[in-house]
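Below is one structure, written out as structure tokens; comments come after it.
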Amino acid sequence: MAKTVKKKSVPQVLWQLPFEKQNYMILLIGLGTILLGYALMATGITEEPAIPNGKWNNPMAVYIAPTLLVIGYCVIIPFGIIKFFGKKEAQAE
């Protein structure tokens with residue numbers, strides 16, 4: 001007769017992202033900042049040429065839009081990923 005082989009049960013590990021609602025809100029704010037930066041940058045695209053002395057027509061597209069993009073990509077998004085909003089008990093362990 002055939003032998004029955006018992007399989008050892010391996011405990012399954014459930015892996016979850018440690019993100020809370022606050023993390024997702026920060027990430028959405030970062031995404032909104034990035035989208036606003038790209039929208040402002042698109043305002044610099046016009047049919048008119050630049051001013052003859054080398055200045056751009058729209059300073060929002062030159063100064064504010066890149067600043068918003070850098071803040072969104074380099075500050076807000078990483079902060080939303082790194083910040084831990086867990087319980088105080090979890091931090092002690």
Side-chain angles (χ1 to χ4, degrees):
M1 298 231 183
K3 288 185 178 179
T4 16
V5 179
K6 291 184 180 179
K7 292 183 180 179
K8 292 182 181 179
S9 63
V10 178
Q12 293 182 353
V13 177
L14 297 176
W15 189 80
Q16 298 175 350
L17 287 174
F19 287 167
E20 298 290 329
K21 184 178 178 182
Q22 295 93 345
N23 293 98
Y24 290 116
M25 292 302 293
I26 292 172
L27 291 173
L28 283 175
I29 290 170
L31 182 64
T33 305
I34 291 168
L35 290 176
L36 180 63
Y38 279 121
L40 288 176
M41 192 171 289
T43 62
I45 301 171
T46 61
E47 296 296 324
E48 303 170 12
I51 298 174
N53 62 1
K55 293 185 179 179
W56 285 78
N57 291 334
N58 190 356
M60 297 266 283
V62 177
Y63 301 111
I64 296 175
T67 305
L68 285 176
L69 291 173
V70 168
I71 289 172
Y73 279 121
C74 298
V75 177
I76 299 175
I77 297 291
F79 180 74
I81 293 172
I82 294 172
K83 180 66 177 161
F84 179 70
F85 289 104
K87 296 179 182 178
K88 297 290 183 184
E89 299 160 1
Q91 288 179 352
E93 292 179 8

Please report the closest heavy-atom contact between [X] and [Y], naming both atoms and the distance.
X: Phe85; Y: Asn23; result: CD1-OD1, 3.4 Å
X: Pro66; Y: Ala61; result: CD-O, 3.7 Å
X: Pro78; Y: Gly72; result: CD-O, 4.4 Å
X: Gly37; Y: Ala65; result: O-CB, 3.3 Å

Single-linkage hydrophobic cluster Phe19~Trp15, side-chain heavy atoms < 4.5 angstrom: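 Same cluster.
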Among the clusters formed by ILVMFWY side chains lying less than 4.5 Å apart, do Tyr24 and Tyr73 turn up in the same one?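 Yes, because Tyr24 and Tyr73 connect within a single hydrophobic cluster, where side-chain heavy atoms sit under 4.5 Å apart.
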Out of the candidates [options], only one should pair with [X] under the side chain to side chain contact (heavy atoms under 4.5 Å, CB included) rule; please name it.
X: Ile76; options: Leu28, Leu27, Thr33; result: Thr33
X: Met41; options: Val62, Ile64, Leu69; result: Leu69
X: Ile34; options: Ile71, Val70, Ile77; result: Ile77

Measure the spacing between OH of Tyr38 and CG of Leu68 and express it to the nearest 0.5 Å.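 If we round to the nearest 0.5 Å, Tyr38:OH and Leu68:CG are 12.0 Å apart.
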